[in-house]
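What follows is one structure encoded as structure tokens, with my remarks underneath.
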Protein chains: 2
Amino acid sequence: MGKKQPDSCGLGPALEVIGGKWKALLLWQIHKAPARFGELKRLVPDISEKMLIQQLREMEADGIVHREVFPEVPPRVEYSITEFGIELDNALIPLARWGKQHAGRSDGQGHGKASALAPQGL
Amino acid sequence: MGKKQPDSCGLGPALEVIGGKWKALLLWQIHKAPARFGELKRLVPDISEKMLIQQLREMEADGIVHREVFPEVPPRVEYSITEFGIELDNALIPLARWGKQHAGRSDGQGHGKASALAPQGL
DNA sequence: TCAAGTACCGACAAAAATGTAAGCCACCCA
DNA sequence: TGGGTGGCTTACATTTTTGTCGGTACTTGA
């Protein structure tokens, strides 16, 4: 256990970092422009606050977004993409392109399991 | 609902196709060489037969792998990668590279949720 | 006849991811 | 004093995903 198999590519770590229902979308938004909590909430209306904060925290822990608190009044927290996040974003471009090109083959629904992993407008 | 948001990249469809715990690993194996059911079971020992067949079926439905039955005795079923699958594979290369390069920053564990999405030796 | 191999199917259950709803704290405005 | 905003936190429930285990149909070999 914990042992890597000899034939491993780097997809495991990568999918851990952008996998799930929201991360890619959030990275995409934050990449377009830094945004504050409430702003992201508006940009991605279907996400719950719990998920939003949770994903943001994980992305911060993974070093792909940066969180900055401005001790103003009213309080302001801004999330921005890091260098590391930009690299990830670039690495995602070909994949996004593939998805875009070939979206809509057996589209509409895939095979009845379209909700938990990456739905929305990604 | 079901309406696409104006600012959508192609990651949604793509992540539906290779997201989850096993698909990337399976695609990776099948890409290296066509393989039969039992062979894949041996190559990816931790997957259950149910998951194996389920993922293979979905990947077949998504057009990234091809399933061919040889009416021999004993029966033989071979899974191979399609053109479409190869394109996906290529689109995954940068992501894999990113993951490989940066695996092991806060590694060992990410943030306590390392099992369901892409674990193993990807 | 019995065991073993191949490629599955399907009921059920555990685990993981996501959602809901309520509340907290600090501050402003009226 | 009450209500509103911003950025959260927490407990609990639901949905999705994955796993376990047993069974099927066929055939070869002992």
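Below, read A as the first sequence line, B as the second, and so on, with proteins coming before strands; counting in each chain starts at 1.
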- Message: Once side-chain hydrogen bond (donor to acceptor under 3.5 Å, both in side chains) is applied, do any residues pair with B:Glu49, and if so which ones, sequence neighbours excluded?
- Response: B:Lys41

- Would you mind reading off the distance between A:Arg57 atom CZ and D:dT9 atom P, rounded to a whole angstrom? 4 Å

- Item | Euclidean distance, atom CG of residue B:Leu15 to atom C1' of C:dA17 [Å, nearest integer] | 15 Å

- Query: Say you draw a straight line from CD1 of B:Ile86 to CD1 of B:Ile64; how long is it, rounded to the nearest 0.5 Å?
  - Reply: 11.5 Å

N/O donor to acceptor pairs below 3.5 angstrom from side-chain atoms of residues 66-75 of chain A, sequence neighbours left out:
{"unit_1": "A:Arg67", "atom_1": "NE", "unit_2": "A:Tyr79", "atom_2": "OH", "d": "3.4"}
{"unit_1": "A:Glu72", "atom_1": "OE1", "unit_2": "A:Arg76", "atom_2": "NE", "d": "3.3"}

- Query: C:dA7 phosphate, OP1 or OP2: any side-chain N/O from B:Arg67 under 4.0 angstrom?
  - Reply: no

- Query: Do B:Leu88 and B:Asp62 touch side chain to side chain, with heavy atoms closer than 4.5 Å?
  - Reply: no

- Task: Measure the distance from CD on B:Glu49 to P on D:dG19 and round it to the nearest whole Å.
- Result: 13 Å

- Message: Any side-chain N or O of B:Tyr79 below 4.0 angstrom from OP1/OP2 of C:dC8?
- Response: yes

Extract from the structure each pairing of a protein N or O with an N or O of nucleotides 10-13 of chain D at less than 3.5 Å, listing the distance.
none

- Would you kindly compare A:Ser48 and B:Gly38 by the position of their nearest DNA chain C nucleotide and give the one closer to the 5′ end? B:Gly38

- Task: Output, in order, the C-alpha distance, side-chain angles, deciding distance and verdict of side chain to side chain contact (heavy atoms under 4.5 Å, CB included) for A:Trp22 and A:Asp46.
- Result: CA-CA 10 Å; A:Trp22 304 109; A:Asp46 287 350; 4.1 Å; yes

- Message: Using whole Å, what does the distance between atom C1' of nucleotide D:dG7 and atom CD1 of A:Ile47 come to?
- Response: 14 Å

- Message: Closest approach to the side chain of A:Lys21, judged atom by atom: which nucleotide of C:dG19, D:dT18, D:dT9 is it?
- Response: C:dG19

- Message: Between B:Val77 and B:Arg36, is there a side-chain heavy-atom distance shorter than 4.5 Å?
- Response: no

- Report which part of the nucleic acid A:Pro75 touches: base, sugar-phosphate, or nothing (heavy-atom distance under 4.0 Å, all strands). sugar-phosphate

- Message: Without decimals, in angstroms, what is the distance between B:Glu72 CD and C:dG5 C1'?
- Response: 14 Å

- B:Leu56 vs B:Leu40 side-chain heavy atoms within contact, under 4.5 Å: yes

- Nucleotide of C:dA22, C:dC9, C:dG19 approaching A:Met51 most closely (side-chain heavy atoms): C:dG19

- C:dA17 P sits how many Å from A:Gln55 CD, rounded? 10 Å

- Counting heavy atoms from C-beta on, name the nucleotide in C:dC8, D:dT18, D:dG7 closest to the side chain of A:Arg36. D:dG7

- Can you check the B:Leu56 CG to C:dT6 P distance for me, whole Å? 16 Å

- Task: For A:Phe70 and D:dG7, give me the distance from atom CZ to atom P, rounded to whole Å.
- Result: 11 Å

- Query: Taking only side-chain nitrogens and oxygens of A:Arg76, does any of them come within less than 4.0 Å of OP1 or OP2 of D:dT5?
  - Reply: no

